[in-house]
Structure formats: C-alpha cells, structure tokens
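FYI, side chains are in, hydrogens and waters are out, and symmetry mates aren't considered; it's all heavy atoms of this structure. As the structure is a prediction and not an experimental result, all values here were calculated from the model.
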Amino acid sequence: MDIKIISVGKLKEKYLKQGIEEYLKRLKPYAKVKIEEVPDEHAPESLSDADKEDMKNKEGQKILNKLSTDTYVITLEIEGKMLTSEAFAKKLDELATYGKSKIAFVIGGSLGLSDDVKSRSDFAISFSKMTYPHQLMRLVLLEQVYRGFKINRGEPYHK
C-alpha cells in the first residue's frame, strides 16, 4: 500500500516529530508512507469570511496539486464519518482488496478544507466532534493507520 499524508502547515513541535518518526518506522513493514506538507497561508488574527474562504481555497489548490487522479482520497473532517479502530482497519483492508492501493489522507489547516478539496474526497472521516490541532492529527492518524494494519493481520498491538 502506498499512503500519502498531505497536511497544511509545517510541523515544528519536537515531541510531535518524534512520535511521527516512531510510527513511520513501525509502519515500514506494512506500507510505504510519506508525509507531504503544503505551506499554510499566513493571515492576521481577524479575517473577514471572504478572506477565510480565499485562504482555504489557496491552501486547497496546493493540496489538489499533490493528488493524482488514481489516488483514493480520504479527508479528515469534523463532519466526516466516525469509525471505530476496527471499522477503520476494515476500510483499509477493503481499499487494498479492491485495488485502491494509492491512498492520500488530507489534513487541512486551521480554517479547515476548501469545498474543492471536499469535493475531491472519496471518503470523509472524523476522529471526533472536537477540534484538534492539525499538527497533532498527523500523529493520531499515523497511530490509527498502524493500529489498522495490526488489526488486519491479527497481530498484537505493541504500545
């Protein structure tokens, strides 16, 4: 499986980088996983709704430029479908079974995802009704992908 995680913004926190590196290492026997960052749009604290949409659209275009037509796109959205870890593992297994071996997970920036990115999505997933920092979601997503592979192979999960 070829998995790409496309995320808006640069990861700066050392503890998140360490956690991500650990899960990337753990995932090597299961899949080729690559993280691609797209620059976030810098803006002042107070923005009009039109400015917010413009920022999301600019970030969205950068995301769309990273997606090939044969990639199955899973967006992380608050409005997405909530799954158990077992259901998420089953989704990964079904994608592999039906020839969808190129997957891209998309994590938006602080304002979320543009409508164009949401339209390109094949499946929207939600990890919670709560809002999390997009940098932290990279680590949470990688942990769940790793857990999914362990579940699918019937292997014990190492904590």
Check your understanding: Have Gln61 and Asn65 got a donor and an acceptor in their side chains that come within less than 3.5 Å?
Key -> yes

Practice item. Could you tell me whether the side chain of Ser121 and the main chain of Phe123 form a donor-acceptor pair under 3.5 Å? Key: yes

**Study point:** Check: Glu36 and Ser7 side chains under 4.5 Å, non-hydrogen atoms
**Key:** no

Practice item. Rounded to the nearest 0.5 Å, what's the gap from NZ on Lys81 to NZ on Lys91? Could you check? Key: 8.5 Å

Point to revise | Inter-residue atom distance Lys52.NZ - Glu41.CD, 0.5 Å rounding | key: 15.5 Å

Exercise for review: Considering non-hydrogen atoms only, spot the tightest contact between Leu139 and Leu16 and give its length.
Suggested key: CD2-CD2, 4.0 Å

Check your understanding: Does Leu64 belong to the same Ile/Leu/Val/Met/Phe/Trp/Tyr cluster as Ile103, with side-chain heavy atoms less than 4.5 Å apart forming each link?
Key -> no

Review point. Between Ser85 and Gln144, is a side chain to side chain donor-acceptor pair (under 3.5 Å) present by the stated rule, with each step listed?
Key: CA-CA 7 Å; Ser85 293; Gln144 284 298 302; 2.7 Å; yes

Practice item. Kindly work out whether a path of hydrophobic side-chain contacts (I/L/V/M/F/W/Y, heavy atoms less than 4.5 Å apart) joins Leu95 to Val106. Key: no

Practice item. Determine, for Asp54 against Lys58, whether the closest basic-nitrogen to carboxylate-oxygen distance falls under 4.0 angstrom. Key: yes

Point to revise | Salt-bridge contact Asp2-Lys102 (side-chain N to carboxylate O under 4.0 Å) | key: no

Check your understanding: With hydrophobic residues grouped by side-chain heavy-atom distances under 4.5 Å, do Ile35 and Tyr15 end up in a single group?
Key -> yes

Review point. Atom OH of Tyr146 and atom CD of Glu22: how far apart are they, to the nearest 0.5 Å?
Key: 8.5 Å

Check your understanding: Any side-chain heavy-atom pair from Leu11 and Arg138 closer than 4.5 angstrom?
Key -> yes

Check your understanding: Lys4 side chain to Lys66 main-chain N or O, any donor-acceptor pair under 3.5 Å?
Key -> yes

Point to revise | Residues Asp51 and Ser48: side-chain donor-acceptor under 3.5 angstrom | key: yes

Exercise for review: Answer with yes or no whether the hydrophobic clustering places Tyr30 together with Ile5; edges join I, L, V, M, F, W, Y residues whose side-chain heavy atoms lie under 4.5 Å apart.
Suggested key: yes

Review point. Would a 4.5 Å heavy-atom cut-off, applied to side chains only, mark Pro39 and Lys62 as touching?
Key: yes

Review point. Got a salt bridge between Glu86 and Lys90, using NZ or NE/NH1/NH2 to carboxylate O under 4.0 Å?
Key: no

Review point. Sub-3.5 Å donor-acceptor pair from the side chain of Ser119 to the main-chain atoms of Asp115, do we have one?
Key: yes

Check your understanding: Is Val140 close to Met137 at the side-chain level, that is, under 4.5 Å between some pair of heavy atoms?
Key -> yes

Check your understanding: Hey, does Lys12 have a side-chain heavy atom less than 4.5 Å from the side chain of Lys17?
Key -> no

Review point. About how many Å separate NZ of Lys34 and CG of Leu24, when rounded to the nearest 0.5 Å?
Key: 12.5 Å

Check your understanding: Distance from Leu92 atom CG to Ile74 atom CD1, nearest 0.5 Å?
Key -> 6.5 Å

Check your understanding: With the threshold set at 4.0 Å, does a side-chain nitrogen-carboxylate oxygen contact exist between Glu155 and Arg147?
Key -> no

Practice item. For the residue pair Phe105 and Phe88, categorise the inter-ring angle as parallel (less than 30°), tilted (30 to 60°) or perpendicular (more than 60°). Key: tilted

Check your understanding: Hey, are the side chains of Met82 and Phe127 touching, using non-hydrogen atoms and a 4.5 Å cut-off?
Key -> no

Review point. Can any side-chain N or O of Ser101 pair as donor or acceptor with the backbone N or O of Met1 at less than 3.5 Å?
Key: no

Point to revise | Side-chain donor or acceptor of Thr75 paired with backbone N/O of Glu77 under 3.5 Å | key: no

**Study point:** Asn152 (side chain) donor-acceptor with Ala89 (main chain) under 3.5 angstrom
**Key:** yes

Practice item. State the CD-CG distance between Glu59 and Asp40, to the nearest 0.5 angstrom. Key: 6.0 Å

Check your understanding: Between Ile6 and Leu76, is there a shared hydrophobic cluster once you connect ILVMFWY residues whose side-chain heavy atoms come closer than 4.5 Å?
Key -> no

**Study point:** Check against side-chain contact (heavy atoms from CB on, under 4.5 Å), Ile107 and Val8
**Key:** CA-CA 7 Å; Ile107 303 170; Val8 174; over 6 Å; no

Practice item. Examine the side chains of Ser114 and Asp116 and answer whether a donor and an acceptor come within less than 3.5 Å of each other. Key: no

**Study point:** Contact summary for Ser126 and Gly80, nearest pair of heavy atoms
**Key:** CB-O, 3.4 Å

Point to revise | Sub-4.5 Å side-chain heavy-atom contact between Ile3 and Val145 | key: yes

